[in-house]
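Working notes, structure below.
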Amino acid sequence: MAEVITPRAVDYPQWYLDVVKQAGLADNSEVRGCMVIRPNGYAIWEKMQRALDRLFKETGHVNAYFPLFIPLSYLAREEEMAEGFAKECAVVTHYRLKAEQGRLMVDPQAELEEPLIVRPTSETIIWNTYKKWVQSYRDLPLLINQWANVVRWEMRTRLFLRTAEFLWQEGHTAHATQQEAEEEAHRMVRVYQQFAEEYMAMPVLVGPKTEGQKFPGAVYTLCIEAMMQDGKALQAGTSHFLGQNFAKAFDVTFTNERNQQEYAWATSWGVSTRLIGGLIMTHSDDNGLVVPPRLAPLHVVICPLGRNDDERRPCREAAERLARALRERPRDPFFGYEPLNVHIDTLFDKQIGFRAAEYEVRGVPVRVEIGPKDIAQGTCVLARRDQPGKEGKQFGVPLENAAERIDALLRDIQRSLFERARRYRDNRTVTARNLDEFRDLFPVRKDDNEELPWDALKFVYAHWDGTRETEEWVQKEFKATIRCLPFDGPQEPGTCIFTGKPSARPVVFARAY
RNA sequence: CGGGGUGUAGCUCAGCCUGGCUAGAGCGCGUGGUUUGGGACCACGAAGUCGCAGGUUCAAAUCCUGUCACCCCGACCA
């Protein structure tokens, strides 16, 4: 099998598609804009779900489920949201088909009185429900999350990064006070940061979006922003403080301790299968997928070798003993209290190069080889996915403590993936002191772009006057947007490099996915 | 929605311009054999309504009309 992944330096978008395909993560479906998530990809999503769900539960949230279909009129209730999503809603207008001359067609007799939209997000239907659930301050807070699919009819789609239908979670909370709601919005964006950094090994910037980039209907939006290997930014998660906008639109009031009617305060927050795209573009290399161990569907693959049955049998038996030892290791929080996933590959008829490459493409963090020479010495060979080739191999590892060594190796891989990604981002984060410097960092002429290396883009700190006009001008001129105003970045005031007006603090510009 | 492109075997594609025997190749797949510590090789074999619907013709993958789907590039976006 000579299926080869396009190197990143040759064609980065093609590299991404190659990895998604060959690692068995997803396929384009026959349905425009929608994807089939394949088992290897879905397994990563399940690992993400499990970890996130635990973090949500630990912060007091519970799961529920609300309808896929939302009456059109609900969306219209919140003006900003209606405006924001109107152009990308799928609409259900009929409830029946009929067969005519052997052809199925929509039955014109079966038109719905009111069209239903397929949820692009669930604030409206949820707040319409909260109206019934909230009467007293004693009913608050409501801390509810839902795992669901949503549909946004995008013009151009890319596997995982932007599809017409995607899977996500959406938290929707209602609070008695503004302060409590704002704390919730901040708490959850920090949960996302923790998840991104500790599980995905993906460093993120955390902070508010600008007025122009916030979620329609929000008072403000907090986000986590990650840098992909090509230097582009990926919005990986958002947490919104919604103020009383939805409470007012859906008339959700409660009686406070002083017997006064008040509107409830709201937040919503979500991450989606887009994270899988982020995971790929943070760690993977020209050999294929790289998955941090905490999210890997398969932690360890053991490949026994041997030319004939006599050589293979002892290798296989050693592989089975090692697999058992790995699966029986004490469970701990690092792996979500779950046993290690270990696979023994017995495709003896394939060459080891083929077998190794296959698991490399699929991103299995650790590969073990046990051959006749190892059996003679009671050893095995460990190969770590994050360092492909000979550098990442440890030869002559004694079989008796191999399980411990592998366990430690998995933790080391997780750690070093994060450190490597953070170094990568920090090395590509710069400050533009004036417009000329900025212009050099975001070249727009075609021929300039073609000469640029694939990983030339950067995160650029620059002073901005805080106006929407300037932001839009920059976006038009340089195709770069303000990704966020990082909490943990520099905060000194200065002078806007675009207009010369005063700037409250530097903000981060980048090209974005 | 505008511009461009492509639909032929599971995948990638040739054949189409200039219509004509039984529609081809590589990869993959199956069987047998030789191999096996980084993507092996030999032999044999299975596999195709030529996207779909009309039309022209003695004859259509090939020409004409219509239609559908997908991909790429633009405007919009998590």
Side-chain angles (χ1 to χ4, degrees), chain A residues 1-5 11 13-14 17 21-22 27-35 83-89 103 120-121 150-170 192 209 212-216 218 221 223-226 233-240 268-278 287-288 303-309 311-312 315 347-361 367-377 379-381 383 388-390 392-393 395-396 446 475-476 479 481 483 512-513:
Chain A
M1 145 145 147
E3 300 277 358
V4 167
I5 292 173
D11 184 346
Q14 189 58 46
L17 291 174
K21 270 232 156 114
Q22 291 192 46
D27 280 339
N28 271 312
S29 78
E30 305 297 296
V31 184
R32 178 185 166 65
C34 297
M35 64 177 165
E83 213 174 294
F85 285 105
K87 281 172 291 181
E88 47 190 43
C89 284
R103 284 175 63 101
T121 177
V150 287
V151 168
R152 297 181 188 175
W153 213 264
E154 301 289 349
M155 287 287 109
R156 281 196 63 196
T157 58
R158 297 188 66 186
L159 291 172
F160 290 117
L161 297 175
R162 178 169 300 108
T163 47
E165 180 191 13
F166 56 94
L167 307 182
W168 77 346
Q169 58 69 218
E170 44 181 328
Y192 288 155
K209 285 284 184 194
Q213 302 278 337
K214 71 172 193 192
F215 176 76
T221 291
C223 69
I224 56 171
E225 283 294 316
L234 183 78
Q235 179 172 307
T238 48
S239 178
H240 316 290
S268 70
W269 28 273
V271 295
S272 72
T273 37
R274 173 178 245 204
L275 289 178
I276 296 174
N287 297 320
C303 300
L305 306 171
R307 278 164 293 195
N308 51 54
D309 281 351
E311 287 183 353
R312 288 169 186 176
C315 294
L347 294 175
F348 289 105
D349 291 337
K350 301 278 186 190
Q351 304 212 156
I352 183 61
F354 176 88
R355 295 158 75 186
E358 194 61 24
Y359 291 104
E360 221 155 59
V361 169
R367 189 180 69 256
V368 184
E369 291 170 19
I370 306 178
K373 291 179 210 161
D374 289 307
I375 292 297
Q377 310 163 35
T379 61
C380 62
V381 178
K390 213 150 195 183
K393 279 195 171 186
F395 298 89
K446 266 264 154 50
Q475 176 163 6
K476 221 170 169 192
K479 295 188 165 152
T481 49
R483 302 318 302 164
Y513 275 98

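A note on names: the letters A, B, ... follow the listed sequences, proteins ahead of strands, and every chain is numbered from 1. All values below were derived from every heavy atom in this structure, side-chain atoms included, with hydrogens, water molecules and symmetry-related copies excluded.
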Is the shortest distance from a Lys or Arg side-chain nitrogen in A:Arg367 or A:Glu358 to a carboxylate oxygen in the other one below 4.0 Å?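 Between A:Glu358 and A:Arg367 there is no salt bridge, as every charged N stays at least 4.0 Å from the carboxylate O atoms.
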
Salt bridge or not between A:Lys393 and A:Glu369? Use side-chain N to carboxylate O under 4.0 Å. yes

Among [options], the one nearest [X] by side-chain distance:
| X | options | value |
| --- | --- | --- |
| A:Glu360 | B:A78, B:U36, B:G38 | B:G38 |
| A:Glu154 | B:C76, B:A75, B:G39 | B:C76 |
| A:Ala357 | B:C76, B:G39, B:G37 | B:G39 |
| A:Phe354 | B:G39, B:A78, B:G37 | B:G39 |
| A:Glu369 | B:G37, B:A78, B:G39 | B:G37 |

Complementary nucleotide of [N], counting Watson-Crick and G-U pairs under 3.5 Å:
| N | answer |
| --- | --- |
| B:A59 | none |
| B:A46 | none |
| B:U6 | B:A69 |
| B:U36 | none |
| B:C11 | B:G26 |

Please report the distance, rounded to the nearest Å, between [atom1] in [X] and [atom2] in [N].
| X | N | atom1 | atom2 | answer |
| --- | --- | --- | --- | --- |
| A:Tyr192 | B:A78 | OH | P | 15 Å |
| A:Ile370 | B:G37 | CD1 | C1' | 13 Å |
| A:Leu305 | B:G39 | CG | P | 13 Å |
| A:Ile375 | B:G37 | CD1 | P | 17 Å |
| A:Leu347 | B:U35 | CG | P | 20 Å |
| A:Arg158 | B:C76 | CZ | C1' | 16 Å |
| A:Phe215 | B:A78 | CZ | C1' | 10 Å |
| A:Asp349 | B:A40 | CG | C1' | 12 Å |

For [N] versus [M], give the span between their [atom1] atoms, rounded off to a whole number of Å.
| N | M | atom1 | result |
| --- | --- | --- | --- |
| B:G48 | B:G28 | C1' | 16 Å |
| B:C64 | B:C70 | C1' | 24 Å |
| B:C42 | B:C27 | P | 9 Å |
| B:C21 | B:C58 | C1' | 15 Å |
| B:G4 | B:U8 | P | 22 Å |
| B:U62 | B:A9 | P | 15 Å |
| B:A75 | B:G38 | P | 49 Å |
| B:G24 | B:C29 | P | 23 Å |

Working for side-chain contact (heavy atoms from CB on, under 4.5 Å), residues A:Arg274 and A:Gln235: CA-CA 9 Å; A:Arg274 173 178 245 204; A:Gln235 179 172 307; 3.9 Å; yes

What contact category does [X] fall into here, base, sugar-phosphate, or nothing, at under 4.0 angstrom with non-hydrogen atoms?
| X | answer |
| --- | --- |
| A:Val271 | nothing |
| A:Lys214 | nothing |
| A:Thr163 | base |
| A:Leu234 | nothing |

Does [X] make a side-chain donor-acceptor contact with the base of [N], cut-off 3.5 Å?
| X | N | value |
| --- | --- | --- |
| A:Lys350 | B:G38 | no |
| A:Gln351 | B:G37 | no |
| A:Arg355 | B:U36 | no |

A:Pro388 side chain near A:Asn287 side chain, heavy-atom distance below 4.5 Å: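 Yes, their side chains come closer than 4.5 Å.
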
Any donor-acceptor N/O pair, A:Tyr192 side chain to A:Gly270 backbone, under 3.5 Å: yes

Taking atom CH2 as the centre, does A:Trp168 end up with more than 12 heavy-atom neighbours from other residues, nucleotides or ligands that are less than 6.0 angstrom away? yes

How about A:Gln14: does its CD atom have over 12 heavy atoms from other parts shown lying under 6.0 Å from it? yes

On RNA chain B, does the nearest nucleotide to A:Arg312 precede the nearest nucleotide to A:Tyr513 from the 5' side, or the other way round? Give the residue. A:Arg312

Closest nucleotide of RNA chain B for A:Lys87 versus for A:Lys390: which of these residues is on the 5' side? A:Lys390

Answer yes or no on whether A:Arg355 is positioned over the face of A:Phe348, meaning its NZ or CZ is under 6.0 Å from the six-membered ring centre and within 45° of the axis.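 Yes, a cation-pi geometry.
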
